[in-house]
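So the structure is just underneath, and the comments pick up after that.
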Amino acid sequence: MRIIVADCAAEYSGRLTASLPPAKRVLLIKADSSLLIFSELGSYKPLNWMAAPCTLKEIEPADGDAAAPAEPAEPVGAAESAEPKPIKVLRVSADKSNDILDVKLFHIYSDEAYDLGEDPGLVKEGVEDHLQRYLAEQIERIGEGAKLVRREYPTAIGPVDIMATDANGEHVAIEIKRHGGIDGVEQLTRYCELLNRDPLLAPVHGIFAAQTITPQARVLAEDRGFTCLILDYDEMRGAESDELRLF
């Protein structure tokens with residue numbers, strides 16, 4: 001993992017066009033060459049990013065007089081000035097499309113690399129992991145004609161429990177909880193907002209699945225266009241109910 005703190009500007013081109021003017025930001029570069037740009041504000045969301053599979057190149061300026069670091073960017077509210085000459089450009093190119101993210105570095109405050117070792121992956125607690133596995137195996141519980149894409153679908157802000165497609169071929173992101181509350185709905189909202197920015201995935205619908213869902217969480221989920229799904233753990237694992245039956 002490489003973490004760079006620098007005054008920088010960014011230009012994204014390809015399926016969409018976006019730019020970031022010069023400012024002090026944090027760049028996070030992973031071992032797979034994916035690059036994420038963060039600011040002081042904005043919580044967990046990167047301002048811009050390029051996800052793997054991709055290729056990263058460091059481009060040094062051609063002019064020798066550009067080797068000296070530029071002055072730090074002016075604070076917010078300062079008078080606008082011409083963009084300084086970069087001391088380095090990080091170019092990240094998507095392997096499966098023409099998308100390119102160019103990050104111009106004007107002044108580097110810190111550039112550190114860390115070996116994080118092998119990650120054991122996300123460990124779900126108890127029944128929640130079982131619910132995810134059973135629902136993946138019985139994906140038509142979300143609707144006839146549904147198909148599983150994969151469990152733990154990766155995103156820049158964490159894995160979606162299950163990604164599937166419905167009978168119409170549209171993507172469905174499923175967040176699974178043992179007991180569904182408002183926090184779970186907010187988590188699903190973040191995933192869907194991020195996934196719907198990708199034209200190759202959009203539209204992405206959301207399903208909030210749990211053994212129990214609070215009334216407040218249900219109201220919030222349905223207000224945001226999500227479907228609520230109650231999961232019967234015993235039934236999904238094939239256990240016999242203790243209830244008396246007439247037949």
Side-chain angles (χ1 to χ4, degrees), residues 1-62 66 70-111 153-160 163 170-171 173 186-206 224-225:
M1 183 79 70
R2 182 180 176 189
I3 301 174
I4 301 174
V5 181
D7 292 329
C8 65
E11 295 284 344
Y12 192 107
S13 60
R15 289 173 293 175
L16 56 85
T17 301
S19 62
L20 292 171
K24 187 175 182 179
R25 301 185 178 95
V26 174
L27 310 179
L28 189 150
I29 303 172
K30 297 184 179 181
D32 58 8
S33 296
S34 57
L35 186 151
L36 299 90
I37 306 173
F38 293 91
S39 66
E40 180 71 21
L41 303 177
S43 185
Y44 59 90
K45 291 185 178 180
L47 297 170
N48 210 329
W49 69 92
M50 177 68 78
C54 57
T55 303
L56 185 147
K57 293 182 179 179
E58 295 192 25
I59 303 172
E60 299 291 340
E71 291 299 318
E74 294 182 352
V76 176
E80 294 186 1
S81 60
E83 183 178 288
K85 185 175 293 185
I87 59 174
K88 182 181 294 187
V89 176
L90 303 179
R91 172 165 294 173
V92 192
S93 305
D95 291 349
K96 296 184 178 180
S97 70
N98 295 324
D99 289 18
I100 294 176
L101 175 62
D102 278 339
V103 183
K104 301 175 183 178
L105 305 182
F106 307 116
H107 181 88
I108 298 174
Y109 299 92
S110 174
D111 186 349
Y153 187 88
T155 77
I157 58 174
V160 176
M163 179 68 84
E170 296 181 346
H171 285 87
E186 295 290 359
Q187 188 175 357
L188 179 59
T189 300
R190 295 193 292 269
Y191 288 139
C192 287
E193 286 179 349
L194 179 64
L195 293 168
N196 272 304
R197 297 179 196 168
D198 188 338
L200 297 181
L201 296 176
V204 179
H205 309 287
R224 294 183 177 178

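Because the structure is a prediction, the values reported are computed rather than measured.
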* For the residue pair His171 and Leu195, establish whether any side-chain heavy-atom pair is separated by less than 4.5 Å. => no
* **Min side-chain heavy-atom separation Cys8-Leu105 under 4.5 Å** => yes
* To do: Rounded to the nearest 0.5 Å, what's the gap from OG1 on Thr189 to CG on Leu194? Could you check?
  => 12.5 Å
* At what distance, to the nearest 0.5 angstrom, does CH2 of Trp49 lie from CG of Leu35? -> 12.0 Å
* Asked: Nearest heavy-atom pair of Glu193 and Arg197: which atoms, and what distance?
  -> O-CG, 3.3 Å
* To do: Dump the intermediate steps for side chain to side chain contact (heavy atoms under 4.5 Å, CB included) on Val103 and Arg25, then the final yes or no.
  => CA-CA 11 Å; Val103 183; Arg25 301 185 178 95; over 6 Å; no
* Would you say Asn48's side chain and Ile37's backbone share a donor-acceptor pair under 3.5 angstrom? -> no
* To do: For residues Arg224 and Leu188, determine if any side-chain heavy atom of one lies less than 4.5 Å from a side-chain heavy atom of the other.
  => no
* Mark yes or no for whether Tyr191, through its side chain, and Pro159, through its backbone, hold a donor-acceptor pair below 3.5 Å. => yes
* To do: Check whether any side-chain heavy atom of Glu60 sits under 4.5 Å from a side-chain heavy atom of Lys88, and report yes or no.
  => yes
* Structure fact -> Output for pair (Ile4 CD1, Ile29 CD1), nearest 0.5 Å, gives 4.0 Å
* **Smallest separation among heavy atoms of Ala156 and Leu36, with atom names** => CB-CD2, 3.9 Å
* Just how far is it from atom OG of Ser13 to atom CG of Asp99, taken to the nearest 0.5 Å? -> 7.5 Å
* To do: Return the minimal non-hydrogen interatomic distance between Val204 and Asn196, and the atom names on each side.
  => N-OD1, 2.7 Å
* Asked: Excluding sequence neighbours, so at least two apart, what forms side chain to side chain donor-acceptor pair (under 3.5 Å) with Asp111?
  -> Arg2
* **Minimum heavy-atom distance Lys24-Val5, with the two atoms named** => CE-CG1, 4.0 Å
* Taking C-beta and beyond as the side chain, do Arg15 and Leu200 meet within less than 4.5 Å on heavy atoms? -> yes
* More than 12 foreign heavy atoms under 6.0 Å from CG of Asn98: is that the case here? -> no
* **Within-4.5 Å side-chain heavy-atom neighbours: Leu201 and Tyr153** => yes
* Measure the SG-NZ distance between Cys54 and Lys30 for me, rounded to the nearest 0.5 Å. => 10.5 Å
* Asked: Do Ile100 and Glu11 have side chains that get closer than 4.5 Å, going by heavy atoms?
  -> no
* Quick one: does His107's side chain have a donor or acceptor within less than 3.5 Å of a partner on Asp7's backbone? -> no
* Point-to-point distance, once rounded to the nearest 0.5 Å, from CG of Leu101 to CG of Leu90 -> 8.5 Å
* Ile157 and Pro46: which non-hydrogen atoms are nearest, and at how many Å? -> CG2-CD, 4.4 Å
